[in-house]
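Have a look at the structure below before the remarks.
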Amino acid sequence: MSDLFHARIPTVFIAQVFAVMALTPQHTYQVLTKRPNRMRQLLADRTLRDATYHALLALRRNAPVVWSQQRSNVLAWPAAHVTWPLPNVWLGTSIESNDYTWRAVTSGAPTL
């Protein structure tokens with residue numbers, strides 16, 4: 001277990017994780033973080049969305065995978081038409097005690 005939105009995790013790595021989640025819409029993922037402000041910032045300014053799109057294209061070019069028709073369709077989406085955040089990814093923040101309830105208040109859903 002780790003925090004995907006930790007400051008030391010590069011945006012490119014986070015995008016690669018989101019690319020894999022985009023390629024597996026049959027699964028539902030729950031991503032919890034103790035850093036909701038970073039998560040919100042990456043989602044709100046489209047940084048993560050754009051990086052995920054590029055990670056998907058890199059996977060298509062470089063991965064030794066036989067792509068199914070469904071996955072090819074996922075890889076062909078233009079950035080402007082993808083549902084974002086990914087519908088199969090549940091994003092949230094963890095609150096381990098009353099001292100951290102501020103995370104729920106400051107991590108409201110970004111306007112996308």
Side-chain angles (χ1 to χ4, degrees):
M1 294 182 46
S2 63
D3 192 331
L4 187 60
F5 291 96
H6 188 279
R8 291 186 181 175
I9 306 296
T11 302
V12 171
F13 179 82
I14 298 169
Q16 291 169 340
V17 172
F18 271 74
V20 170
M21 292 188 290
L23 289 172
T24 53
Q26 70 274 24
H27 299 293
T28 300
Y29 297 91
Q30 183 178 33
V31 179
L32 295 175
T33 182
K34 291 183 179 180
R35 291 148 183 98
N37 292 333
R38 181 168 188 226
M39 177 177 66
R40 180 182 170 93
Q41 181 269 324
L42 288 175
L43 290 168
D45 71 7
R46 297 186 180 219
T47 300
L48 186 57
R49 178 180 175 172
D50 293 344
T52 299
Y53 176 74
H54 292 292
L56 283 166
L57 294 178
L59 281 171
R60 187 174 190 184
R61 283 191 307 269
N62 301 322
V65 176
V66 176
W67 298 102
S68 69
Q69 183 63 37
Q70 179 183 7
R71 289 190 175 128
S72 294
N73 290 340
V74 170
L75 289 172
W77 54 255
H81 296 115
V82 75
T83 301
W84 194 256
L86 298 172
N88 62 323
V89 179
W90 299 355
L91 300 171
T93 189
S94 55
I95 300 171
E96 62 272 21
S97 70
N98 284 339
D99 294 336
Y100 297 98
T101 56
W102 60 266
R103 291 181 189 150
V105 176
T106 62
S107 66
T111 303
L112 302 176

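One-based numbering along the sequence shown.
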Q: Please name all residues satisfying ring pair (Phe, Tyr, Trp, His ring centres under 6.0 Å) with F5, sequence neighbours left out, ordered by chain then number.
A: none
Q.
Using modelled atom types and a 3.5 Å cut-off, is there a donor and acceptor pairing between side-chain atoms of T52 and backbone atoms of A19?
A. no
Q: Measure from the side-chain N and O atoms of R38 to the backbone N and O of H6, and report whether any donor-acceptor pair falls under 3.5 Å.
A: yes
Q: Identify the heavy atoms of L4 and V31 that sit nearest to each other, and give their distance.
A: CD2-CG1, 4.2 Å
(Q) Testing the 3.5 Å rule here: is there a donor-acceptor pair between the side chains of N37 and Q41? (A) no
Q.
Looking at every heavy atom in both T11 and L48, which two are closest together, and how far apart are they?
A. O-CD1, 4.4 Å
Q: Supply the atom-to-atom distance R35 CZ to D3 CG, rounded to the nearest 0.5 angstrom.
A: 4.5 Å
(Q) Could you tell me if the side chain of T93 sits less than 4.5 Å from the side chain of L32, heavy atoms only? (A) no
(Q) Taking CZ in F13 as the centre, count heavy atoms belonging to other residues, nucleotides or ligands within less than 6.0 Å. Is the count above 12? (A) no
Counting only pairs under 3.5 Å, give me each side-chain donor-acceptor contact of residues 85-92, with atom names and distances, residues two or more places apart or in other chains.
{"from": "N88", "atom 1": "ND2", "to": "M21", "atom 2": "O", "distance (Å)": "3.0"}
{"from": "N88", "atom 1": "ND2", "to": "T24", "atom 2": "O", "distance (Å)": "3.2"}
{"from": "N88", "atom 1": "ND2", "to": "H27", "atom 2": "O", "distance (Å)": "3.1"}

Q) Would V17 end up clustered with V20 when hydrophobic side chains under 4.5 Å apart are linked, directly or stepwise? A) no
Q: Quick one: list whatever passes side-chain contact (heavy atoms from CB on, under 4.5 Å) with S94, sequence neighbours left out.
A: K34, R103
